[in-house]
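Written out below as structure tokens is the structure these notes cover.
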Amino acid sequence: MSIQVAILKILASHVSGRATLDSLKHDLAILSSSGDDWHARIKRLASRVPELDIFSSFYVLRDVEGWQITSAGREFLQALEAVTQDNLYNLSPAPTDESAIRAEGTLIVVGHRFKNRMRTQRDPEQGVSPRCRPFREPH
């Protein structure tokens, strides 16, 4: 069930792993209105575990103070998110054609035009370049 995966994700996002029922409802309302990306992601995760029951599997504990994710619940969520369409690396093979691979050691010169720039001459009596005048406070 996708709602149970969403509950696991919400509880895991809390530092303590604990949330009151009102807080959970509030977070679910915010996430449900956050757009199609969230819904698609949760559905993809939930499709990997169609028979999920977070309570009988002891992934979430309920008490008077609220709900809390267990360490088994965190591990389960990590394993569930380990390989999804959202975080797959591009597994396309590397190009084998030598012309497609940049030769190592090729030097790219940047800033060579600055060598020919004329520099302003410093006035030896002033001791400071005309561009770098000291800051003086107005009187």
Side-chain angles (χ1 to χ4, degrees):
M1 245 174 115
S2 62
I3 188 76
Q4 293 191 21
V5 174
I7 289 170
L8 280 175
K9 288 199 58 70
I10 290 169
L11 289 173
S13 72
H14 290 264
V15 177
S16 64
R18 176 177 281 283
T20 63
L21 187 56
D22 289 336
S23 175
L24 267 174
K25 287 179 183 178
H26 179 70
D27 291 346
L28 282 170
I30 289 172
L31 292 174
S32 66
S33 65
S34 66
D36 294 335
D37 291 340
W38 168 257
H39 290 286
R41 178 168 171 70
I42 293 299
K43 281 184 180 181
R44 277 194 302 273
L45 290 173
S47 69
R48 297 180 65 197
V49 286
E51 300 298 320
L52 175 64
D53 184 1
I54 58 176
F55 302 110
S56 66
S57 301
F58 298 105
Y59 296 150
V60 173
L61 300 176
R62 293 180 286 189
D63 60 18
V64 203
E65 297 174 8
W67 296 11
Q68 182 172 9
I69 189 169
T70 62
S71 59
R74 287 187 190 273
E75 290 171 12
F76 171 77
L77 187 59
Q78 266 185 332
L80 183 64
E81 292 182 315
V83 180
T84 66
Q85 292 176 356
D86 298 331
N87 61 6
L88 280 179
Y89 292 107
N90 185 1
L91 299 177
S92 60
T96 56
D97 183 15
E98 288 185 26
S99 64
I101 301 173
R102 183 176 160 191
E104 288 187 38
T106 302
L107 180 63
I108 299 173
V109 179
V110 178
H112 66 279
R113 66 178 186 193
F114 297 115
K115 289 181 183 177
N116 296 332
R117 179 184 284 180
M118 292 183 62
R119 296 183 180 185
T120 58
Q121 296 294 326
R122 287 187 177 179
D123 185 6
E125 292 177 12
Q126 254 186 353
V128 178
S129 172
R131 288 186 176 177
C132 302
R133 294 186 181 139
F135 176 75
R136 293 184 185 179
E137 292 186 22
H139 296 301

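Within 6.0 Å of the NE2 atom in H39, the count of heavy atoms belonging to other residues, nucleotides or ligands exceeds 12. Environment of CG in D63: crowded, with over 12 heavy atoms of neighbouring residues, nucleotides or ligands closer than 6.0 Å. The neighbour count for F55 CZ, taken as heavy atoms of other residues, nucleotides or ligands under 6.0 Å away, is above 12.
A single hydrophobic cluster is not seen to contain both I30 and L8; linkage of ILVMFWY side chains at heavy-atom distances under 4.5 Å, directly or through other members, places them apart. Using a 4.5 Å cut-off between side-chain heavy atoms of Ile, Leu, Val, Met, Phe, Trp and Tyr, with links allowed through other members, F58 and L80 fall into different hydrophobic clusters. If you chain together hydrophobic residues whose side chains sit under 4.5 Å apart, I42 and I3 fall into the same group.
Note that CZ of F76 is 10.0 Å distant from CD1 of I54, once rounded to the nearest 0.5 Å. If you take CD on E51 and OG on S57, they are separated by 11.0 Å, rounding to the nearest 0.5 Å. Here the straight-line distance linking atom CG of L24 with atom CZ of R18 works out to 11.0 Å at 0.5 Å rounding. We find the CD1-CD distance between I69 and E75 to be 10.0 Å, quoted to the nearest 0.5 Å. Taken from CG in L11 to CG in L77, the straight-line distance is 10.0 Å, to the nearest 0.5 Å. Here CD of E65 is found 13.5 Å from CG of L21. Values are rounded to the nearest 0.5 Å.
Under the 4.0 Å criterion applied to side-chain N and carboxylate O atoms, E81 and R41 are assigned as salt-bridge partners.
Looking only at side-chain heavy atoms (C-beta outward), Q4 and V49 stay at 4.5 Å or farther from each other.
Of all heavy-atom pairs between H14 and S23, the closest is CE1-OG, 4.0 Å. The minimum heavy-atom distance between L31 and W38, with the atom names listed, is O-CD1, 3.1 Å.
Under a 3.5 Å cut-off, the side chain of S2 and the backbone N or O of A46 do not form any donor-acceptor pair.
Between D27 and the choices D22, I10, I7, the side-chain contact (heavy atoms from CB on, under 4.5 Å) rule is met once, by I10.
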